[in-house]
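Working notes, beginning with the structure itself.
Whatever order the structure lists them in is the order used to number ligands and atoms, beginning at 1. Positions are given from 1, in the same order as the sequence printed here.
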Amino acid sequence: MKERIKQILSRQPGDEVISVEGWVRTKRDSKNVCFLEINDGSTVKGLQAVVDKASFGNENLLGEVTTGAAVRCTGRLVASQGQAQSVELALETLEIVGTCPSDYPLQKKRHTIEFLREIAYLRPRTNLIGAVMRVRSTLAYAIHTFFQERGFVYVNTPLITTSDCEGAGETFQVTTLDLANVPVGKDGVDYSKDFFGKKASLTVSGQLEGESYALALKDIYTFGPTFRAENSNTTRHLAEFWMVEPEMAFCDIELDEEVAESFLKYIFRYVLDKCPEEMAFFDSFVLKGNIDTLRHVIDTPFARMTYTDAIKELEKVNDQFDFPVHWGSDIQTEHEKYLTEVVCKRPVIVTDYPKEIKAFYMKMNEDGRTVRGMDVLVPRLGEIIGGSEREADYDRLLGRIVELGLNPDDYRWYLETRRFGSVPHAGFGLGFERAVQYVTGVANIRDVIPFPRYVKSADF
Ligand code: 4AD
Ligand code: MG
């Protein structure tokens, strides 16, 4: 493996000739010397290469080195005279691997995040997106580490499905039918002619399939792409996002909440430990105080509150909200933020929601009105995790499916799992991009996934 700039920057000056490959971020020319900042995506800070023009000689070659060009250079590491770095490369040879013309869009050091979104195929070459994507990668590793260390089995659930997990109908259909010439039977579209012989869609969650594996392997987790055709143009919704869904057999809602809390703390701490340079960068340029906030979250027990108590708190200040609440209404972003930022001043787990506003699979409480669902809300973002204890009783589960007007045939296999050795079980889903948003402080979810998909946007 070739050495990356991150490793080179941690070295001491020395006589050995080393080789560096990367892209030129900036070029500063003066009469006798030329400074090139070279970045290879391994760090926020690049390596400064210093060209002594007199000894280098080849003015023409140096002239062709422009911002964005790919270069390979050799030289010796020397102590830097500048404040910004401890070592720099005293350049000896230079090779241009790929030239870069002057219409390269990333000429300046700073660009607006909206502009960068329009060049999603180039934006990883910026400090910001580069740092976000390194943190995203580390966070994924932290998630696997947390579960693997605890014996959870990583299960890959299907992306194409015929059962709508959340029952909300916000699915993307998957079909090979000719849309200009759809076969029609007496009840509308004749799906027996379609690829799968029935109506299929992209999954909105791997939970249902995950449950059947938890009922065999006990503790499992999924981590994969998820698709929702929600027409919501917000800073926290994508049409294609990644979700992490642990599912635990012989587990009730209290244990589920404990796992969710220790899981979030673990992955936040992991990133603070492994990505100090990126985290310092976000703290300076994206969200001031972000590191302190994360430390506070790691060190403080999350608050717990029932939905009913949450509504009581919210009703006191109903005049502040665009959507005033009452018992039975959905808790929206503005309410989530108020609960976690103002009432609790830390993350809060809200539990026991009215059955009407939650999915069919949640276990009913004794009161017959509320279900054992839980949402983890964090300051600035609102909901980051949604989970529940599942209805493990066959008849009650069937009852809920029928009550909600869903077709029991679509959930036949899922119902069967309740007939053969059914046990209490619970799990949750973490929106992976929301977690990346939270640790980096980046305001818009579209900037924490390489190629965001949302309403009217899947261009590259
Ligand atoms: O609350 P949700 O809808 O829960 C489920 O899908 C359950 N099946 C999870 C489970 O119990 N296994 O989604 C879980 C999380 C949300 O809390 C949110 O963080 C994220 O997924 N999420 C989205 N992230 C980005 N864009 C969207 N459109 C999202 N919808 C949900
Ligand atoms: Mg939810």
Hey, can you pull the donor-acceptor pairs under 3.5 Å for the side chains in residues 280-289, sequence neighbours left out?
from   : atom 1 : to     : atom 2 : distance (Å)
Asp283 : OD1    : Gly289 : N      : 3.3
Asp283 : OD2    : Asn290 : N      : 3.1
Asp283 : OD2    : Ile291 : N      : 2.8
Ser284 : OG     : Ala280 : O      : 3.0
Lys288 : NZ     : Ser284 : O      : 2.8

Return the residue, atom name and 0.1 Å-rounded distance of the protein heavy atom closest to atom 3 (O) of ligand 1. Arg228 NH1, 2.8 Å
Among all protein non-hydrogen atoms, which one is nearest to atom 15 (C) of ligand 1, and what is the separation to 0.1 Å? Gly429 O, 3.6 Å
Could you check atom 19 (O) of ligand 1 against the protein and tell me its nearest heavy-atom contact, residue, atom and distance included? Ile384 O, 2.9 Å
For the pair Arg123 and Glu118, find out whether any cationic side-chain nitrogen is under 4.0 Å from an anionic carboxylate oxygen. no
Could you tell me whether Glu21 and Lys2 make a salt bridge, using a distance below 4.0 angstrom between a side-chain N and a carboxylate O? yes
Using a 4.0 Å cutoff against the non-hydrogen atoms of Gly386, which atoms of ligand 1 qualify? 1 (O), 9 (C), 10 (C), 11 (O), 17 (O)
Taking 4.0 Å as the limit for heavy-atom contacts, which would you say applies to His237 with ligand 1: side chain only, backbone only, both, or neither? both
Checking contacts here: is it the side chain or the backbone of Tyr361 that comes within 4.0 Å of ligand 1, counting heavy atoms only? Could be both or neither. side chain
Would you tell me whether Asn444 and Arg236 have side-chain atoms, one donor and one acceptor, within less than 3.5 Å of each other? no
Which residue supplies the protein heavy atom nearest to atom 24 (N) of ligand 1, what is that atom called, and how far is it? Phe241 CD1, 3.5 Å
Test your reading of the model: is there a side-chain donor-acceptor pair from Arg346 to the backbone of Pro301, 3.5 Å cut-off? yes
So does Thr234 get a backbone contact from the side chain of His237, meaning a donor-acceptor N/O pair under 3.5 Å? no
Of all residues at least two apart in sequence or in a different chain, which pass the ring pair (Phe, Tyr, Trp, His ring centres under 6.0 Å) check with Tyr191? none
Which residue and heavy atom of the protein sit nearest atom 14 (C) of ligand 1, plus the separation: Met243 SD, 3.4 Å
Closer than 4.0 angstrom, basic N to acidic O: yes or no for Glu277 and Lys45? no
Are a donor atom and an acceptor atom from the side chains of Tyr266 and Glu261 found within less than 3.5 Å of each other? no
Is any NZ, NE, NH1 or NH2 atom of the basic residue among Arg419 and Glu416 found under 4.0 Å from an Asp or Glu carboxylate oxygen of the other? yes
So, does Arg236 sit close enough to ligand 1 that a heavy atom of it is under 4.0 Å from the ligand? yes
Heavy-atom contact under 4.0 Å between Glu230 and ligand 1? yes
Starting from atom 20 (C) of ligand 1, which protein heavy atom do you reach first, and at what distance in Å? Gly431 CA, 3.5 Å
Note: ligand 1 atoms sitting under 4.0 Å from heavy atoms of Ile445 are 25 (C)
Does Phe227 come within less than 4.0 angstrom of ligand 1, counting non-hydrogen atoms of the residue? no
Would you say the side chains of Tyr221 and Gln148 form a donor-acceptor pair under 3.5 Å? yes
Could you please tell me which protein N, O or S atoms lie under 2.8 Å from the Mg ion (ligand 2)? Glu383 OE2
At under 4.0 Å between heavy atoms, is it the side chain or the backbone of Arg390 that contacts ligand 1, or both, or neither? side chain
Set of residues satisfying side-chain hydrogen bond (donor to acceptor under 3.5 Å, both in side chains) with respect to Tyr141, sequence neighbours excluded: none
Is the shortest distance from a Lys or Arg side-chain nitrogen in Glu403 or Arg396 to a carboxylate oxygen in the other one below 4.0 Å? no
Protein contact to atom 12 (N) of ligand 1 [nearest heavy atom, distance to 0.1 Å]: Glu245 OE2, 2.7 Å
In terms of side-chain geometry, is the basic nitrogen of Arg134 or Glu278 positioned less than 4.0 Å from the acidic oxygen of its partner? yes
Find all atoms of ligand 1 within a distance of less than 4.0 Å from any non-hydrogen atom belonging to Gly387, and give their numbers and elements. 11 (O)
Can you tell me which residue and heavy atom of the protein come closest to atom 1 (O) of ligand 1, and the distance to 0.1 Å? Glu383 OE2, 3.0 Å
